[in-house]
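Following: one structure in structure tokens, then a few remarks.
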There are 2 protein chains.
Amino acid sequence: MTNNEASIKRARPKRIGLKDVALEAGVDVSTVSRILGGRASLYAEETCRKVQDAAAALHYRPNATARGMATGSTRMVGVTIPGTGYCGRIIEGINKALLEHGHLMLHAWNPDHFVPADDPTQKRIIHELVERQVDGVILRVGSEEFEQTYFEEIWQRGIPMIVVDREMALFKTDFVGTDDVAIGADAARHLLGLGHRRLLFVGEKEIVSTCRLREQGFRDVVSEAPDAACRKVELDLETAVVEDLAPALEGEGHPTGVFCYSDRMVPIFYETARKLGLDIPGDISVVGCGNLSWGKMLAPALSTFEQHPEKIGRKAAELYLERVAEGEQARPAPKIIRVAAELMVRGSTARV
Amino acid sequence: MTNNEASIKRARPKRIGLKDVALEAGVDVSTVSRILGGRASLYAEETCRKVQDAAAALHYRPNATARGMATGSTRMVGVTIPGTGYCGRIIEGINKALLEHGHLMLHAWNPDHFVPADDPTQKRIIHELVERQVDGVILRVGSEEFEQTYFEEIWQRGIPMIVVDREMALFKTDFVGTDDVAIGADAARHLLGLGHRRLLFVGEKEIVSTCRLREQGFRDVVSEAPDAACRKVELDLETAVVEDLAPALEGEGHPTGVFCYSDRMVPIFYETARKLGLDIPGDISVVGCGNLSWGKMLAPALSTFEQHPEKIGRKAAELYLERVAEGEQARPAPKIIRVAAELMVRGSTARV
DNA sequence: CTGAAAGCGCTTACAG
DNA sequence: CTGAAAGCGCTTACAG
């Protein structure tokens with residue numbers, strides 16, 4: 001089974017091309033191209049057989065680069081999304097959906113956080129993607145705060161752009177994400193339903209749409225409960241320490257129901273609660289968002305929202321494929337797709 | 001700042017090519033190609049200026065697809081590695097190193113676990129990568145148990161292959177990973193140093209090199225301590241339940257020092273210990289490997305090895321670049337690079 | 001049912 | 001110091 005011959009001859013052999021197959025089969029390259037390219041029905045059965053046999057015998061693989069030049073489509077999508085954790089699962093979804101349609105991801109990380117508008121690395125990434133003639137780009141912005149002008153090059157050239165997870169203010173693009181307002185609303189309903197009336201929203205200093213919209217949904221619902229009130233604290237995750245959060249949790253009349261807009265705020269929350277001697281969920285309930293892998297290993301396990309990131313990735317890929325299929329015509333109005341999230345109730349939330 | 005014009009005219013404009021720049025500058029395309037391609041020193045200063053001005057005015061971006069056809073190098077590496085967690089950090093390292101050299105990842109997931117030798121999806125992925133003329137492939141195998149024959153296509157064509165993280169038995173390729181034997185040995189030394197003599201190695205049923213080599217390093221060191229003994233249990237992570245591990249931890253003379261070859265075995269270990277009423281680290285110490293993100297949030301925080309996956313990815317990318325630079329000559333002997341891991345001592349290990 | 005030819009957008013000997 | 005031409009490996013009107 002182990003191929004020892006192969007491990008000896010190592011010089012790279014000349015690649016087999018359409019020409020070689022044509023020669024072997026005794027036909028023209030255009031004939032081979034059409035038969036192997038799905039137009040076999042045009043040809044005599046025997047010609048098809050000869051060509052297929054020759055291609056198989058020579059282990060022919062088409063050169064997608066050359067095909068891309070000829071057809072104008074590389075069947076590659078540029079993906080600028082950080083690859084770990086939650087985003088990694090989005091990418092997994094993209095990858096699977098694309099593969100079923102013969103497309104591949106040209107994957108260039110971009111940071112999870114704020115990047116200056118003219119960051120040279122980001123510009124480089126965009127240049128690289130454009131130069132490689134990607135059919136479209138699926139991207140995620142680090143922050144809403146500063147406009148991501150380095151994406152302008154893509155937009156100007158009319159290359160389809162699908163934004164995922166966080167909204168982008170600069171261009172009116174297609175978007176696939178989670179239903180953030182609904183998440184905020186559901187978090188509020190869950191806490192109110194458990195009897196909590198003194199609520200706290202834990203947001204992030206960095207301005208991202210997910211935080212803004214979840215707060216909006218949360219407040220909308222809280223404001224409908226006449227006896228409930230919502231406070232708010234914003235953390236800078238890069239630097240956050242217990243002292244940043246403690247004032248919001250201390251003293252008489254401290255909040256008993258907390259919504260951390262992202263699971264990423266939860267570890268510092270647990271730590272602060274412990275330091276203050278607050279029992280979760282005895283003294284204070286907390287619900288997060290994202291269903292990150294470690295949430296169920298916390299003590300108590302975290303109540304949080306599963307956002308189905310693979311599904312988000314899959315939808316983004318499908319939208320990209322749709323845009324590519326539309327071709328060069330004037331682009332239609334942007335589509336906004338929001339995938340519903342689900343609250344996973346675990347041990348961190350309880351009756352007041 | 002917001003470009004409203006751009007959001008109105010959406011039809012895709014014709015791409016600007018070398019020809020357009022040449023026309024604009026009043027020179028031949030070959031002149032433009034050479035000046036923009038780094039051979040500017042050949043030309044008169046004024047010609048260079050004219051060409052550069054024209055390129056800038058037209059926002060010219062070279063077509064990497066066409067360049068790839070002409071030069072035989074696409075400056076793309078195929079990456080078949082799952083993208084989440086630990087592997088995601090490898091990919092991050094690859095990505096950063098490549099970007100500095102103008103290469104990009106064509107990223108196709110492959111599963112973390114065992115895949116049958118002739119899995120059609122895997123074969124498809126390899127075909128796609130080969131067709132797109134990648135300059136090389138960085139890959140990780142799911143399991144050592146069955147030979148990954150779907151990689152044969154790459155090997156046969158002499159495309160550089162860099163294997164990361166887990167060794168591959170089928171081909172003698174370049175490899176970049178962690179120093180697994182040293183990790184096993186260090187884990188044993190740590191536990192022995194804390195006075196533990198009844199040791200347990202927790203491995204995985206699936207046959208991967210990391211597990212095999214860590215066990216080897218662990219046993220080598222344990223066997224040198226005359227009064228120490230090592231037992232072993234193997235779990236199938238897909239199905240593992242408390243009952244699978246409990247027998248190894250129960251009863252008089254149960255092990256007091258445990259090495260879980262991967263952090264992935266740790267949650268089931270904590271759960272089992274809790275069910276059996278064993279205090280960590282009071283009754284039993286445990287050390288993991290991988291420094292996965294949630295380890296420090298466990299109670300107690302997990303002692304584990306940081307493997308520096310970004311560094312592994314970076315080294316793999318550098319090795320790939322080296323192989324590409326060597327060109328089509330007969331390939332030299334494979335290189336094996338092992339990045340040292342570091343034990344992070346936290347709360348899960350203590351004196352016996 | 002099949003072939004000859006042009007073209008995709010570059011690079012690179014070769015010539016001058 | 002610069003240009004004209006061939007070639008990379010395909011696809012696709014066009015012709016027969």
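Naming convention: chains lettered A, B, ... in sequence-line order (proteins, then strands); numbering from 1 in each chain. Atom set for the values below is all heavy atoms of this structure, side chains included, hydrogens, waters and symmetry mates excluded.
A donor-acceptor pair under 3.5 Å is absent between the side-chain atoms of A:Arg323 and the main chain of A:Gly136, judged by distance alone. In this structure, the side chain of A:Asp174 does not engage the main chain of A:Pro334 through any donor-acceptor pair within 3.5 Å. When atom types are taken as modelled, the side chain of A:Asp135 and the backbone of A:Arg75 share a donor-acceptor pair closer than 3.5 angstrom.
Looking at heavy-atom distances under 4.0 Å, A:Thr47 makes contact with sugar-phosphate atoms alone, never a base. Within 4.0 Å (heavy atoms only), B:Ser30 reaches at least one base atom of the nucleic acid.
Looking at which nucleotide of DNA chain D each of B:Met69 and B:Ser41 is closest to, the 5′-most match is held by B:Ser41. Taking the nucleotide of DNA chain D with the nearest heavy atom to each of B:Thr71 and B:Thr31, the more 5' of the two is matched to B:Thr31.
Residues satisfying the side-chain hydrogen bond (donor to acceptor under 3.5 Å, both in side chains) test with B:Thr71, not counting sequence neighbours, are none.
A salt bridge links B:Asp53 to B:Arg49: one of the charged nitrogens lies within less than 4.0 Å of a carboxylate oxygen.
At a threshold of 4.5 Å between non-hydrogen side-chain atoms, the residues B:Ile35 and B:Gln52 count as touching. Using a 4.5 Å cut-off on side-chain heavy atoms (C-beta onward), A:Tyr320 and A:Ile94 make no contact.
In DNA chain D, stems built from 3 or more consecutive Watson-Crick or G-U wobble pairs, each with both distances under 3.5 Å, span C:1-3 with D:14-16, C:5-12 with D:5-12, C:14-16 with D:1-3.
At most 12 non-hydrogen atoms from other residues, nucleotides or ligands lie less than 6.0 angstrom from NE2 of B:His59.
Chain B approaches DNA chain C over the interval C:dG9 to C:dA13, counting the first and last nucleotide 5' to 3' with an atom under 4.0 Å from its heavy atoms.
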